[in-house]
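First comes the structure, then the notes that go with it.
Naming convention: chains lettered A, B, ... in sequence-line order (proteins, then strands); numbering from 1 in each chain. Note that these values count all heavy atoms, side chains included, but never hydrogens, waters or copies made by symmetry.
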Number of protein chains: 2
Amino acid sequence: MHNVRVPAQTWSIAELAAEYDVTLRTIRFYEDRGLLTPERRGTVRVYHPRDRVRLGLILRGKRLGFSLDEIATIVDMYDAEPGEEGQLVYLLDQITTRRADLEQRRRDIEETLRELNEVEARCRADLQALRDRQPSRGRQTAKAVGRRADS
Amino acid sequence: MHNVRVPAQTWSIAELAAEYDVTLRTIRFYEDRGLLTPERRGTVRVYHPRDRVRLGLILRGKRLGFSLDEIATIVDMYDAEPGEEGQLVYLLDQITTRRADLEQRRRDIEETLRELNEVEARCRADLQALRDRQPSRGRQTAKAVGRRADS
DNA sequence: CTCGTACTTGACGCTTACGTAAACGTAAAG
DNA sequence: CTTTACGTTTACGTAAGCGTCAAGTACGAG
């Protein structure tokens, strides 16, 4: 089985906080919400690789705009034990839901990016026109008409 | 110029709310935050196509997890008048920032989708194994080991 | 022993994005 | 006139996601 027995590194709360650029308060808050479950040595928290990975997932979830509750269900999917059939079916259902959600977001993002490109093009054109025409004073151009969102 | 003079439809607050499936409260709140500026006929709000488009943009922004403040800057970009050079340069800068943000989100989403696919595959495999082996009772399989996020 | 550093648990505060009444206006229908 | 539908403002409530003290514990260095 080639079991290499890597020392299984651990981290303090401050180390994790520094690495992921969050505050101690935040990490403790996530624990309070059941998203992290560090070991306790006496009163002190000791974070294992598992916790570290989960923190990464949590923060990615946050970047995606999920609520902590949603993140909880997602993260728990990642390291769920196989369990019984009902559990597995439920998990598959959750996956379907999440995927639909993410694909909607992706469509939104791509649409927004396309529109940003248009706005940028208009912007550059205006800038160019402005510089061609009047190197010092600005003036309203006729091309500016009809660009507002009132079509 | 082929100016067709379309009647320029308007909507009541309830109509917009129904169409976009939000509450009246929400729409009024967006107005309070300066995101919408409907016409007033007496005391009553009258929404024009421009407002309708903006509401759509706002809601898409929300789906993407932006705050209303962020959404405000985005939406205002869409129907900004050309203005002076400084304005244009600022706008281009904003566009760059937003684009970077959105592209980060897209990467996050794609990574998450890939991982969801993996989880799903494992899940289906477990389910299959469970059904092959024990059509009635569930049992823990050896393949279940080492899947948790503690690698 | 004292200091410094890192950690702990409360507990209160704050912002965002609305929900939820309460109380009132207006205009058409019965 | 009363009801009904639809709209209005004002204002307090709330859940999420932390920030920010305050006060105490634990431990190695000097």
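- We find that CG of A:Asp32 is positioned 12 Å from P of D:dC18, with the value rounded to whole Å.
- Contact check on A:Arg40 versus A:Glu31 returns a salt bridge, with a Lys/Arg side-chain nitrogen under 4.0 Å from an Asp/Glu carboxylate oxygen.
- Put simply, A:Lys62 has no side-chain N or O that comes within less than 4.0 Å of OP1 or OP2 on D:dG17.
- In this structure the side chain of A:Leu91 reaches within 4.5 angstrom of the side chain of A:Ile95, judged on heavy atoms.
- In this structure, B:Glu103 has no salt bridge (Lys or Arg N to Asp or Glu O under 4.0 Å) partners at least two apart in sequence or on a different chain.
- The listed nucleotides are D:dG19, C:dC7, C:dT16; the one nearest the side chain of B:Asp69 is C:dT16.
- At whole-Å resolution of the value, CD in A:Glu31 and C1' in C:dT9 are 11 Å apart.
- Between B:Phe66 and B:Asp101, some side-chain heavy-atom pair lies under the 4.5 Å cut-off.
- When the side-chain nitrogen and oxygen atoms of B:Thr26 are compared with OP1 and OP2 of C:dA17, none of them lie within a distance under 4.0 Å.
- Crowding of B:Asp21 atom CG: a count of heavy atoms from other residues, nucleotides or ligands under 6.0 Å not exceeding 12.
- Summarising the geometry, the separation between CZ on B:Phe66 and C1' on C:dA17 is reported as 17 Å, rounded to the nearest angstrom.
- A salt bridge does not link A:Asp126 to A:Arg122: none of the charged nitrogens lies less than 4.0 Å from a carboxylate oxygen.
- For the OP1/OP2 pair of C:dA17 and a distance below 4.0 Å, the side-chain nitrogens and oxygens of B:Tyr30 include no atom meeting the criterion.
- Rounded to an integer number of Å, the gap from B:Glu70 CD to C:dT16 P is 11 Å.
- Criterion: ILVMFWY side-chain heavy atoms under 4.5 Å apart, direct or through other members. Under it, B:Trp11 and B:Leu24 are part of a common hydrophobic cluster.
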Annotated protein contacts, base or backbone, on nucleotides 8-14 of chain D with a non-hydrogen cut-off under 4.0 Å, one of B, S, - each = BB-B---

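- Whole-Å rounding puts the A:Leu68 CG to D:dG17 C1' distance at 7 Å.
- C:dT16 atom P lies 13 Å from atom CD1 of B:Ile71, rounded to whole Å.
- Distance CD1 (A:Ile27) to P (C:dA6): 15 Å, rounded to an integer number of Å.
- Listed pair A:Ser12 / C:dC7 meets the phosphate criterion, a side-chain N or O lying under 4.0 Å from OP1 or OP2.
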